[in-house]
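Proteins come first, then strands; the chains are lettered A, B, ... in the order of their sequence lines, and each starts at number 1. Heavy-atom basis, side chains included; hydrogens, waters and symmetry copies ignored.
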Amino acid sequence: MIDYKKELNPNQYEAVINTQGAQLVIAGAGSGKTRTLVYKVAYLVENGLMPSEILLLTFSRKASQEMMDRAAEILDKRCMNVSGGTFHSFANQVLRKYGRVLGYSSNFSIIDRADAEEIINLIRGELKLNKKERNFPKKGTVLNIISKSNNTGKSFLEIIENEYPQFIDEEEVITKLSSMYSKYKQANNLMDYDDLLINLLKLLKNEDVIRTTLSDQYKYVMVDEYQDTNIIQAEITCLIASVNQNITAVGDDAQSIYSFRGANFKNIMMFPKIFKECKIVKLEQNYRSTQPILNFTNEIIKNAKEKYCKQLYSEIESSTLPTILSAFDVYDQAKIITKKIEKFTEQGVPLNKIAVLFRSAYHSNELEVELKGNHIPYDKYGGLKFTESSHIKDLVSLLKVIHNHSDFISWVRILKWFPGLGEKTAIKLATDITTIGINELISSKFSKKKFYERINELHKLIINLSEEKDKLTNITSKAVKYYKGFFKELYDDYRRRSNDLETIKELSDKYSSLEVFLTDITLDPPQISSKQTNSENLVLSTIHSAKGLEWDIVFIISVNNGYMPDNRSFSSQEDLEEERRLFYVASTRAKNELIISYLQTGNSRRYSAYLEEDATFAPSMFLTEIEELEEIANKEESENSSESKYFHKLPDKLAEKAKVSKKFMESIESYFQNY
DNA sequence: TGACGAGGTGATTCG
DNA sequence: CACCTCGTCA
């Protein structure tokens with residue numbers, strides 16, 4: 001028996017024991033949101049619900065797994081069997097079962113972003129849109145437009161007008177391309193990430209039997225991170241709860257950071273309107289950070305243009321203020337941060353209690369070099385995933401072809417391994433293979449004699465491996481062995497990459513079905529390449545990937561205009577507001593110490609396109625706009641050499657002289673050009 | 001016509 | 001690091 005009243009504060013307690021009808025929990029950063037959900041799972045199970053009758057939808061698979069583990073710890077093992085996962089993985093489960101209704105067979109494949117881009121590229125080539133005279137959007141851009149339209153319900157025209165006005169004349173062609181893309185996926189039994197959600201919604205909307213069956217099964221529905229759901233997910237949520245209407249949505253409007261994926265925190269505001277008599281509970285006490293850190297984070301969010309009143313407070317006192325330090329440049333910053341980390345470890349702080357956060361994955365490049373040089377082990381989250389590196393995509397393509405012999409995109413990729421066989425020939429051969437069939441191709445008319453032997457050999461291997469019924473590692477091992485025959489020719493740095501091939505073998509070890517393995521690595525791509533990652537290491541992470549996590553000491557680096565906020569966000573107020581929330585999320589990860597660093601010098605070209613011409617490289621507006629900064633944070637200059645005296649902003653008295661100097665420089669430019 | 005290496009460039013963020 | 005473009009060669 002768990003004493004819920006003792007374990008939880010009054011608001012958390014209320015959120016847990018209220019199990020009838022709809023409930024919205026507005027949970028500020030660090031307010032024990034996860035704890036509340038964990039206890040709620042336990043409470044529901046303890047009070048007689050079958051674990052399978054509870055649906056727990058979370059933002060990442062890891063998050064739901066963790067919650068179930070913790071619930072199992074405080075109650076018992078039954079909590080492990082709660083239904084749950086991400087919206088995407090839930091959609092996958094449902095569609096494997098009922099996808100037939102929509103014309104998919106149950107063994108449909110899920111394509112990742114790279115596959116989707118390849119298909120777009122292919123169609124673009126077919127439509128002869130890749131001519132360089134024509135300034136047609138790149139494949140990634142096309143996919144962004146399509147995906148945004150899917151996830152927001154906005155028309156292509158609207159999106160192009162707002163975000164890509166230079167392509168306004170291409171709207172018609174993009175529409176054409178998009179419909180060909182859909183047809184391609186249908187014809188090949190493929191779904192992309194958006195299709196999973198769209199198709200699930202379609203099922204729930206159009207099929208009364210399926211909707212009723214499912215929503216009857218789930219007696220209680222819980223959705224975490226509701227501020228980061230998009231309109232499709234919100235509708236799915238409502239329909240899945242439509243029979244019993246017992247539902248808890250948890251979220252924080254101040255932490256909405258996924259609008260690029262169509263997330264809309266207005267879902268939170270809509271929720272109580274959709275479910276009548278919805279109870280609203282606010283969790284405002286922060287159990288994570290010290291009061292000085294909260295003073296700082298409250299200031300960040302205070303400047304938000306659209307906000308919903310909520311003032312976080314903490315009972316954790318501390319005399320340590322957040323630190324703001326300025327570094328000369330990225331290299332200087334890398335050195336300073338590394339030194340500080342070393343100092344902390346000397347004081348006995350374990351490395352895994354420290355994290356370095358940044359806006360974009362590549363912002364940590366220089367720091368990573370410095371850390372390696374000083375033998376500080378780290379794990380990096382965010383950015384390129386393991387499965388997105390090109391040698392892993394190679395290998396996975398082979399596995400995909402073994403699973404589905406007419407996977408066109410993967411065939412193209414594999415065929416290009418053969419020396420002398422490029423894009424065009426690969427497309428021709430792959431077309432033949434997937435239309436005529438490889439058996440027929442091999443046995444009869446084969447136009448490209450040159451490659452006959454090699455393709456025949458490859459074909460035999462594929463047939464062989466797709467009949468392999470034993471262990472999945474047998475398949476992956478043989479696939480790796482075959483691939484290694486090309487590997488060294490394909491990559492100069494094959495040594496560095498070669499470990500990853502072993503990792504794929506190890507990853508596949510846990511699986512018995514190739515289909516499940518391929519689905520899993522697409523829906524939940526492993527982040528880190530070295531499998532021996534352990535929790536002892538320092539954490540480097542993008543802010544997005546740090547969501548929901550916490551560390552004793554948090555560094556946020558490169559907090560400059562152009563980096564944080566990212567240069568692209570300067571074009572719209574809304575994007576800028578999201579960047580602010582991002583900075584807020586980053587800062588609220590810190591428990592005891594928050595250290596923010598900005599650069600004095602850098603590449604102002606990064607964002608000058610969006611600002612007035614003479615914009616200088618400057619600390620983030622999110623720092624400079626805080627008026628009481630001096631009182632709530634300590635400032636530190638880089639101790640590094642005399643370089644640190646560099647001014648990031650030209651003193652007024654030098655402005656006139658700077659003009660003279662610049663003019664002179666420009667006047668002599670031609671001499672040197674013609675030199 | 002197609003393959004392919006060299007060289008430049010510019011980087012969101014995630015399922 | 002991945003993508004794009006360009007020049008060269010078969």
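- Remark: A/Ser147 pairs with A/Asn151, A/Asp194 by the side chain to side chain donor-acceptor pair (under 3.5 Å) rule, at least two apart or across chains.
- Ring geometry for A/Tyr104 against A/Phe108 counts as perpendicular: the plane angle is over 60°, on a 0 to 90° scale with 30° as the lower cut.
- A/Ser390 meets the side chain to side chain donor-acceptor pair (under 3.5 Å) test with A/Tyr491; sequence neighbours excluded.
- Nucleic acid contact class of A/Arg359 (heavy atoms, under 4.0 Å, all strands): base.
- Contacts of A/Phe486 classified as ring pair (Phe, Tyr, Trp, His ring centres under 6.0 Å), with partners at least two apart in sequence or in another chain: A/Trp417, A/Phe418, A/Tyr482.
- Residue whose closest nucleotide on DNA chain B sits further toward the 5' end, between A/Tyr193 and A/Asp575: A/Asp575.
- Residues passing the side chain to side chain donor-acceptor pair (under 3.5 Å) test with A/Asp524: none are found, sequence neighbours excluded.
- Using a 4.0 Å heavy-atom criterion, one finds that A/Ser89 contacts no nucleic acid atom at all.
- Residue A/Leu196 is classed as having no contact, given no heavy-atom separation below 4.0 Å to the nucleic acid.
- When the salt bridge (charged side-chain N to carboxylate O under 4.0 Å, His left out) test is applied to A/Arg413, the partners found at least two apart in sequence or on another chain are A/Asp394.
- Across all strands shown, A/Gly140 has no heavy atoms under 4.0 Å from either base or sugar-phosphate atoms.
- Centre separation under 5.5 Å together with a plane angle under 30° holds for the ring of A/Phe260 and the six-membered base ring of B/dT13, marking them as stacked.
- In terms of phosphate contacts, A/Lys385 brings a side-chain nitrogen or oxygen within less than 4.0 Å of OP1 or OP2 of B/dG15.
- Of all nucleotides listed (C/dC1, B/dG15, B/dA11), C/dC1 comes nearest to the side chain of A/Leu384.
- If you check every strand for non-hydrogen atoms under 4.0 Å, A/Phe87 touches nothing.
- Among the protein residues, A/Asp194 comes within range of the nucleic acid bases, having at least one heavy atom under 4.0 Å from a base atom.
- Distance, A/Leu429 CG to B/dG2 C1': 13 Å, rounded to whole Å.
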Protein and nucleotides 3-7 of chain B: nitrogen or oxygen contacts under 3.5 angstrom:
from	atom 1	to	atom 2	distance (Å)
B/dA3	OP1	A/Gly422	N	3.3
B/dA3	OP1	A/Thr425	N	3.1
B/dA3	OP1	A/Thr425	OG1	2.4
B/dA3	OP2	A/Lys424	N	3.1
B/dC4	OP1	A/Gly420	N	2.3

